[in-house]
Structures are given as C-alpha cells and as structure tokens.
Amino acid sequence: MKENVQQILDHFHIEQFQHDLIHWFVKEQRDLPWRKEKDPYKIWVSEVMLQQTRVDTVIPYFYKFIEKFPTLDALAEAEEKEVLKAWEGLGYYSRIRNLHAAVKEVKEKYDGCVPASKEQFSSLKGVGPYTTGAVLSIAYDIPEPAVDGNVMRVLSRIFYITDDIAKGSTRKKFEQLVSCIIAHDNPSDFNQALMELGALICTPKSPSCFLCPVQRHCRAFAEGAEGKLPVKTKGKAPKHVSFRAIVLADKKGSILIEKRPNSGLLANLWQFPNDEHAPTADDQAFIKEISERYGVVIRSVQQIGTFQHVFSHVVWHIEAYKGEAIGLTVDVPTRKWVTIEELASYAFPVVYQKIWQAYE
DNA sequence: TATCCGTGGTG
DNA sequence: TCACCAAGGAT
C-alpha cells in the first residue's frame, strides 16, 4: 500500500467491522472436520494440507490422515513411507516431509506439546508466517495475523488497496493492517472469518457483494471496483519436458520401480523407469537407454499411451510403454522389483498412477 | 525477489 | 478448452 496503515484506517469503524464479520462467521461457517475441536496438532495438520489446496480436496485426506496418525506422537513415530503414502495425490510433497520433521522436533524439544510461542513455533520446518498466525490464533487464541490469499483479496477490496499481491513484500503490509484490526477478544474467529468470507462471498470472480456481511465497510464496493481487485501480476509460462517411461514386468509379474531423489520435483516419490534426463529418439534407442541405466534385459516393448501432466512451473509429456524384462537383481535401495500387492504401499505421483492404470 | 514446488476444480 | 485458481514455504 502506498499509504501507511494509519491513513488506510482513517474513518474505518474497526469494532463495527469486527462485530459484523464475526457475527456472520458464527452463523454461517461451514461444518469442517478440523473445526470440531481445538487440538493444536489437528489444526496444524489441516493448515498444512490447506496450503494452496482446496477445502473439498483436503477433507477426505484429513479424515484418513487423522485416523492413521491421531496424535502428534503417532505421526512423529511413523515411518516416512507410511506418511508419504498418506499424502499421495495431495501434491507439494515437501509439506509432509517438513511436517514430519517438525513434529519429531516438537516431540523431542517440547515434550510433544505444540509450542504456543511465536518464535518457537515459526522456527519449525514448513511453518511460515501464515501457518504461524493460523495455528496460534485458532488453537491458542493468540492475536496474530494469518494472511493468506483470501485475506489479501478481501482486505484489498475492503480498503481499496492496489498493491500487487503476487509480490512477497505485499503480504507483510497486510499483516500490519490485520494487526491493527484483529479482534483481540476473539482472534480465532476473526482470522477464520476473513478466510471464510473470501471462500464463500468475496470470491476471486463475481463476488456475492449483495450477501456480504461487511458490505457497508467495503470501499471497493462503494466504488463499484470489486472486480478490479486484487491486483495480481501473472507468473511466467511453464516449460515443457518430453520423455518416455516404461512399466517393466518380469516372468513372475514383479514390477521394477525407482525412488526419486530426496529433493526437487516429486521428491521421495516412486516412479517407473524412464529416460527423463536423456530423451530418446526411437524405440530401439529407448530400449538401449533403459537397459543400460537400469541394468535389465528387455525382451519386448509396446506403447500403452501418451500422457500430459501439468505442474505449476513445468509440463510433462510422457510416452508410456510396457515391457517384459529379465528381473536381474537390483543392488541399490532406490530401485526394486515389487509384487503388485507391494506396489500399493508405495507413494506414486498422479501421472504415474495414470500410467499404471493404462498398463493394467 | 523470483522461482521452484502438485493437483484438481471451474468459468 | 484452458487460463486461472486454492487456507504458502523454502531457497
């Protein structure tokens, strides 16, 4: 915001706004599984799952995850393989790697009790400014701002703020603003109400201003400018990567799988053999490449389909094959032959799940 | 600061 | 159909 926070708040009725907003939230909020109790661990899990992920997508994952890891200790003691499997298909897998590490640290350093200290909690892996404010306010009623995309959209309209919300520095300014208007007697409902309003009423496209509980406080509505806000510049176009992948089975029906590196895209997930780093020209070159790289003898191959998968910043184009191979012994932990039953216990990226479906 | 990091829903 | 999007964080 070009102006300072004091100027923005001129003539703004803070207490009336808090009341209108919270009254609406108490009455109209959705019945979500993580709102049934105030267990800091469950609030934390929900907030991590909800990062860049829709509520409807998260709900079934949340139920399964809490059923499998009901307490912080249970998650801390779980194996990486189980934890990653529970996250399979949710995306942004560094979230669960960081959450698992963070929970272990809480078990060790804080006796398994999620710290209510801003400094301590925010120092944990995967816990940034938003998650800090969300967990501390919702679970512990501490008046910290929890500024996400919803909050920036809602407040940019209410205060007619034209700063680019795609820029990192903008979030800090919104945090200053929220610090001034947050309801100290009910920071939990206040923060959740701002996000709920963004999700249900103050939506990105065609917001339902006629239903808005804080319409009378909204400067964008008064100006008829809600459609122009928030200001958000768009990112660069994703790059395209083409390669081939193959589902290899031996005579017994075992399948060769490979674990991806522990950092980068789809870290620690499993996949089928591919020539991602050495795209091949034809079938013979592909067979040769796979044979050498994976140390297998391939008898025959057959194409089973082409797949396109769009990530945030890259698009994969995969030609998928199936083939028979002689199951030579693999001596690295990141590659193994597994039975089809065992296959189900390994976490795969969605695009490789689709390739597996085409194989079956 | 800009880029990397997934997936599925939607107008 | 496809550009945009959804309760961000790490580097």
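What you see is a predicted model, and the numbers here were worked out from it, not measured in a lab.
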Return all side-chain donor-acceptor pairs below 3.5 angstrom for residues 310-317 of chain A, not counting sequence neighbours, or 'none' if the list is empty.
{"residue": "A:Ser312", "atom": "OG", "partner": "A:Tyr92", "partner atom": "OH", "Å": "3.3"}
{"residue": "A:His317", "atom": "NE2", "partner": "A:His240", "partner atom": "ND1", "Å": "2.8"}

Any chance you could pull the hydrophobic cluster mates of A:Val296, using side-chain heavy atoms under 4.5 angstrom and chaining through other members?
A:Ile246, A:Leu248, A:Leu256, A:Phe286, A:Ile287, A:Ile290, A:Tyr294, A:Ile298, A:Val301, A:Tyr321, A:Val330, A:Val332, A:Trp337

Heavy atom of residues 122-146 of chain A under 4.0 Å from DNA chain B: which residues?
none

Cationic N near anionic O, under 4.0 Å, A:Lys42 to A:Glu37:
yes

Pick the nucleotide of DNA chain B nearest each of A:His313 and A:Ser169; which residue has the one closer to the 5' end?
A:Ser169

Considering only the P atoms, how many Å lie between B:dC4 and C:dA6, rounded to the nearest integer?
22 Å

Whole-Å distance, A:Arg97 CZ to C:dG8 C1', equals 15 Å

Spacing between A:Gln271 atom CD and B:dG6 atom P, to the nearest angstrom
13 Å

The side chain of A:Leu265 lies closest to which of these nucleotides: C:dC5, B:dG6, B:dC4?
B:dG6

Round to a whole Å and report the spacing from CH2 of A:Trp270 to P of B:dG6.
17 Å

Kindly indicate whether a cation-pi arrangement holds for A:Lys81 with A:Tyr346, taking the cut-offs as under 6.0 Å to the six-membered ring centre and within 45° of the axis.
yes

Pairs: protein N or O with nucleotides 7-11 of chain B N or O, under 3.5 Å:
{"residue": "B:dT7", "atom": "OP1", "partner": "A:Tyr93", "partner atom": "OH", "Å": "2.8"}
{"residue": "B:dT7", "atom": "OP1", "partner": "A:Val350", "partner atom": "N", "Å": "3.2"}
{"residue": "B:dT7", "atom": "OP2", "partner": "A:His309", "partner atom": "NE2", "Å": "2.9"}
{"residue": "B:dG8", "atom": "N2", "partner": "A:Arg54", "partner atom": "NH1", "Å": "2.6"}

Contacts under 3.5 angstrom, residues 348-360 of chain A side chains, donor-acceptor by atom type, not counting sequence neighbours:
{"residue": "A:Tyr352", "atom": "OH", "partner": "A:Asn274", "partner atom": "ND2", "Å": "3.3"}
{"residue": "A:Gln353", "atom": "NE2", "partner": "A:Phe348", "partner atom": "O", "Å": "2.9"}
{"residue": "A:Trp356", "atom": "NE1", "partner": "A:Glu360", "partner atom": "OE2", "Å": "3.4"}

To the nearest angstrom, the CG-C1' distance between A:Leu50 and C:dC5 comes to 15 Å

How would you list, by chain and number, every residue that makes a side-chain contact (heavy atoms from CB on, under 4.5 Å) with A:Thr306, sequence neighbours excluded?
A:Gln303, A:Glu319

In whole Å, what is the span from the CG atom of A:Asp164 to the P atom of B:dT1?
12 Å

Quick note, side chain to side chain donor-acceptor pair (under 3.5 Å) partners involving residues 227-237 of chain A, not counting sequence neighbours, are A:Asp164-A:Thr233

Atom pair distance, as rounded to whole Å: NZ in A:Lys236 and P in C:dC4
16 Å

Base, sugar-phosphate, or nothing for A:Ile96, non-hydrogen atoms under 4.0 angstrom?
nothing

How would you list, by chain and number, every residue that makes a side-chain contact (heavy atoms from CB on, under 4.5 Å) with A:Glu82, sequence neighbours excluded?
A:Lys68, A:Phe69, A:Ala78, A:Glu79

Look at A:Arg153 and C:dA6 and indicate whether a side-chain polar atom (N or O) is within less than 4.0 Å of OP1 or OP2.
yes

Classify the nucleic acid contact of A:Gly149 as base, sugar-phosphate or nothing, counting any heavy atom under 4.0 Å across all strands shown.
sugar-phosphate

Expressed as a whole number of angstroms, how long is the span from A:Asn268:CG to B:dG6:P?
11 Å

Please give the distance between the P atoms of B:dG6 and C:dT11 as a whole number of Å.
14 Å

A:Ala183: which residues meet the side-chain contact (heavy atoms from CB on, under 4.5 Å) condition with it, sequence neighbours left out?
A:Gln18, A:Ile22, A:Asp185, A:Phe190

Looking at every strand, decide which applies to A:Arg30 at a 4.0 Å heavy-atom threshold: base, sugar-phosphate, or nothing.
base

Compare all side-chain heavy atoms of A:Gln51 with those of A:Thr131 and state whether any distance is below 4.5 angstrom.
yes

Base, sugar-phosphate alone, or nothing: which one does A:Trp316 contact when heavy atoms must sit under 4.0 Å apart?
nothing

